[in-house]
Amino acid sequence: MICLTMKDLSYTWPGQDRPILDGLSLQLSQGEHLYVHGPSGSGKSSLLGLLAGILPAAPDQLNVLGLDLGKQSPLKRDRFRAAHLGVIFQQFNLLSYLSVLENVELPARMIPERRNKLDGKASAIRDEAKRLLSRLNLEELADRSVQQLSVGQQQRVAAARAMMGSPEVLLADEPSSALDEKNRDLLMQGLLELCKEHESSLVLVSHDPALAQHFEQQLELRP
Amino acid sequence: MKHLLILAFRSLLNRRLSALLTLLSIALSVALLLGVERIRHQTQDHFSRSVSGTDLIIGPRGSSVQVLLASVFRIGAMNNAVSGESFAYWSQRPEVAWSIPLSLGDSFRGHPVIGTTQAYFDHFRYGRGKALVIAEGEWGSGLDAMLIGHRAARDLNLKIGDQVVIAHGGGDESFVEHGDHPFTVTGVLEPTGTPVDQGLHVHIEAMDRLHQEFEAGGDISKMDPLARFMPDIDLDAHDGHDHSTHEGHDHGNHEGHEDHEGHEGHDHGQHDEGEDQKGHDHSAHEGHDHGNHKGHEDHEGHEGHDHGQHDEGEKHEGHDHSAHEGHGHVDHSHDHDHSGLHHAHGHDHGHGAHGHGQGDHGHSHADHSHDHSHGAEAHSHGHDHGHGAHGHGQGDHGHDHGAHDHSSHAGHDHAAHSGHDHGDHSGCDHGDHFHPPAGSVSAFLIGLHDRRDALALQFEIQRYEEEALQAVMPGVTLLELWEIMGLVEKLLFGISIFVVAVGLSGMALSLLARMQERRREMAILRAIGVTPMQIFLLIQLEALLLCVGGLILGSLGLALGLKLLQPAVLNWSGLLLDSFSLGPQEFKFMFVVLLLGQVISLLPSILSTRSALHDGLSPKL
């Protein structure tokens with residue numbers, strides 16, 4: 001099954017003449033992971049924006065899970081993201097006013113599509129959140145406030161949240177750039193394990209060549 | 001939606017300090033809005049339930065609102081009076097079922113003292129036709145009897161049997177007190193929730209006595225050095241009058257005078273029946289028989305006292321005519337018409353006879369030749385003359401009498417008589433308050449057999465030629481009052497709406513100020529799949545929560561505030577504030593506040609949504 005298809009994908013920011021992404025093409029099978037790298041300003045964030053459906057792609061250039069994102073309305077893309085994508089940022093992934101567990105539960109609580117994957121029951125959502133946290137060795141932190149966590153712990157909580165409701169695609173934007181090596185490995189290990197378990201594809205943007213070994217495909221962006 | 005609400009709540013909780021401040025500002029503005037509205041309603045309610053069943057209130061011509069406020073609400077003062085004649089005339093009209101005279105203008109420690117009659121308790125109605133009920137005791141018929149309102153009893157800590165000395169004037173500070181005649185509390189009324197609760201009710205005759213004493217009594221002695229030697233001049237002292245010196249004088253008469261003392265409230269107007277006037281001629285005065293004075297007892301009844309009695313010649317002998325002859329009786333032969341006057345005259349002459357030099361008499365009588373008309377004052381006139389006769393200098397007598405032209409009796413204006421204070425006693429003239437002269441009333445309330453006659457009667461009263469009167473329909477004048485107050489109310493309402501708008505703007509401002517620091521939060525939500533519409537709803541929900549919280553807090557605050565302020569407001573304005581309750585009016589206002597809050601929050605909501613859309617997954621911080 002094809003997870004992701006880019007066909008001559010280009011993107012130009014509104015008001016600019018030069019495209020930031022120009023003629024990207026690749027195909028990723030479901031369960032395969034993609035490593036995206038390149039210097040600053042090469043359009044990594046733009047690519048993630050397109051994949052997440054935040055930025056509008058042109059028709060026929062980007063297909064995710066069989067859906068041509070370029071042909072969808074912004075609302076449809078939001079719904080699509082809500083149902084099928086998990087997102088991890090570089091930092092500050094969590095809502096500071098919710099506990100760790102609540103942060104993990106959030107997607108399933110907010111988004112009906114995710115909730116439906118877990119029978120929609122509150123207890124099922126809680127169980128799944130706890131399970132994900134324990135898979136990342138964070139179960140003791142479940143009731144902590146987010147502010148009490150280290151950055152490494154926060155990133156792993158973000159990973160658990162992104163996996164809530166088993167999204168088919170996980171988008172990660174330099175998730176380990178603020179972490180030390182030990183935390184980076186913990187995070188990567190957890191992410192890869194969860195992806196395997198849920199048969200999810202991971203699209204990861206990073207500067208760290210050491211991570212590249214875990215990925216079936218690589219995409220280098222040039223400015 | 002439920003989760004959005006939870007999220008909104010958690011988000012607010014997270015920034016509880018700013019949320020609390022916002023909440024407080026909304027609460028305060030809401031409390032103001034609801035409070036103003038509530039007090040406005042209660043004032044109206046209070047006013048309209050204070051009088052019921054009264055068809056017309058009749059008072060001296062002037063502002064109808066003033067008459068209503070003074071007669072029913074005890075607010076402000078009347079600076080004029082209605083003569084006894086007018087009161088009698090209109091009260092006896094066939095259309096009139098009952099009438100209640102009111103004598104106002106005095107107070108006891110800030111509580112109004114109302115001179116009235118039993119009719120007040122028989123006919124006055126408040127609320128939905130409720131009558132006044134005496135909780136304990138009774139009014140009694142004694143001149144010192146005082147029936148007090150519920151709150152007056154409570155505030156002044158008065159109980160049956162307590163004595164009350166009335167201040168002269170309406171304020172808290174009493175500059176003159178009538179220590180001579182304390183009233184005794186004989187009864188307490190049931191609470192009514194109207195100004196009646198504040199009042200101290202005394203017999204109108206007692207009120208008149210009070211004032212007459214004030215004018216003709218003790219104070220004179222303070223101001224007139226000669227008077228000190230003449231204790232007799234005090235009305236009360238009349239019985240103590242040493243008649244033994246009055247050889248020819250028939251003491252029996254004096255007993256009659258004693259009755260007379262009780263008669264100060266005595267309405268001379270009623271006595272003013274023309275025939276009597278004529279009958280009373282001073283030429284006949286020589287034949288004046290003090291025995292007649294017993295006839296004065298009739299005065300108690302106030303009914304058309306027949307001065308003709310004075311003319312009965314048989315008993316004249318007892319009177320010391322010799323003394324009288326020395327006086328300027330010639331003058332007296334002018335008109336001494338007026339009933340009340342007659343009475344007084346009788347007095348004077350008696351006094352004059354009591355050993356004053358004829359010269360004095362002559363003098364005073366010369367004055368007399370002026371106008372001895374007028375009911376009430378006439379009465380005091382009599383006294384004056386008496387005093388003069390008793391040895392006051394001519395100067396004393398010189399006062400008003402000069403102005404009185406006896407020949408002009410008929411057209412005499414009673415109002416002018418208030419100036420009758422002995423000229424010397426200018427100090428007696430308490431310019432800052434007014435109470436009706438003895439025998440007249442401040443205003444009177446009437447009930448009709450048929451309400452439909454009210455308009456016609458009102459019209460007639462307004463055109464009454466004998467005296468400048470006005471008749472006020474309570475309901476109509478209340479409406480006038482609301483019209484006057486309407487402007488103030490609208491202003492207050494406008495101000496409170498503005499304050500609410502300011503409070504809500506403060507909320508919008510705090511939401512806007514937070515927008516920048518919440519861009520990350522929005523990006524996270526967007527990443528999870530929250531749609532822009534949901535972001536918009538989230539901000540609106542936060543505003544809604546703040547408004548609802550503000551409404552609850554404001555209502556609770558208002559309820560508490562009203563409870564705490566209730567005694568003070570009651571004391572200050574006589575307005576009994578109901579405790580706070582939620583009615584359709586309150587819900588309407590709350591709804592408006594919520595709606596306004598949502599409208600004002602549109603700005604931060606739309607801006608947040610736009611910035612979230614623009615930021616996408618990577619807010620530029």
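As a basis for the values below, the full set of heavy atoms in this structure was taken, side chains included, without hydrogen atoms, waters or symmetry mates.
Rounded to the nearest 0.5 angstrom, B:Arg518 CZ and A:Leu95 CG are separated by 9.5 Å. Between the OG1 atom in B:Thr531 and the CZ atom in A:Arg81 there is a gap of 9.0 Å [rounded to 0.5 Å]. Rounding to the nearest 0.5 Å places CE of B:Met533 at 13.0 Å from CG of A:Asp78. With rounding to the nearest 0.5 Å, the separation of CG in B:Asn14 from CG in A:Leu98 is 8.5 Å.
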Candidate pair B:His3 and A:Glu105, rule side chain to side chain contact (heavy atoms under 4.5 Å, CB included), full reasoning: CA-CA 11 Å; B:His3 299 288; A:Glu105 289 176 345; over 6 Å; no
Please step through side chain to side chain contact (heavy atoms under 4.5 Å, CB included) for the pair B:Ile528 and A:Met164, ending with a clear verdict. CA-CA 10 Å; B:Ile528 287 168; A:Met164 191 72 188; over 6 Å; no
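Closest non-hydrogen pair, A:Phe89 versus B:Ala523, comes out as CZ-O, 3.9 Å. Here the shortest heavy-atom pairing between A:Arg161 and B:Ile524 reads NH1-CG2, 3.5 Å.
Between A:Leu106 and B:Leu525, the closest side-chain pair of non-hydrogen atoms falls below 4.5 Å. Side-chain contact between B:Arg10 and A:Glu102: present, with at least one pair of heavy atoms (C-beta onward) separated by less than 4.5 Å. At least one side-chain heavy atom of A:Met110 sits less than 4.5 Å from a side-chain heavy atom of B:Leu7. Contact check for B:Ile6 versus A:Arg109: no side-chain heavy atoms found under the 4.5 Å cut-off. Residues B:Arg15 and A:Tyr97 fail the side-chain proximity criterion, which asks for heavy atoms closer than 4.5 Å. Residues B:Arg520 and A:Gln91 have side chains not in contact (no heavy-atom distance under 4.5 Å, counting atoms from C-beta outward).
Shown here is A:Glu199, whose CD atom has no more than 12 heavy atoms of other residues, nucleotides or ligands within 6.0 Å. No more than 12 heavy-atom neighbours from other residues, nucleotides or ligands sit within 6.0 angstrom of CZ on B:Arg610.
Of the atoms belonging to A:Arg79, it is side-chain heavy atoms, and not backbone ones, that fall under 4.5 Å from chain B.
Residues satisfying the side chain to side chain contact (heavy atoms under 4.5 Å, CB included) test with A:Gln147, not counting sequence neighbours, are A:Ser96, A:Ser145.
At a heavy-atom cut-off of under 4.5 Å, chain B is reached by A:Ala52, A:Ile54 from residues 45-54 of chain A, listed in order of number.
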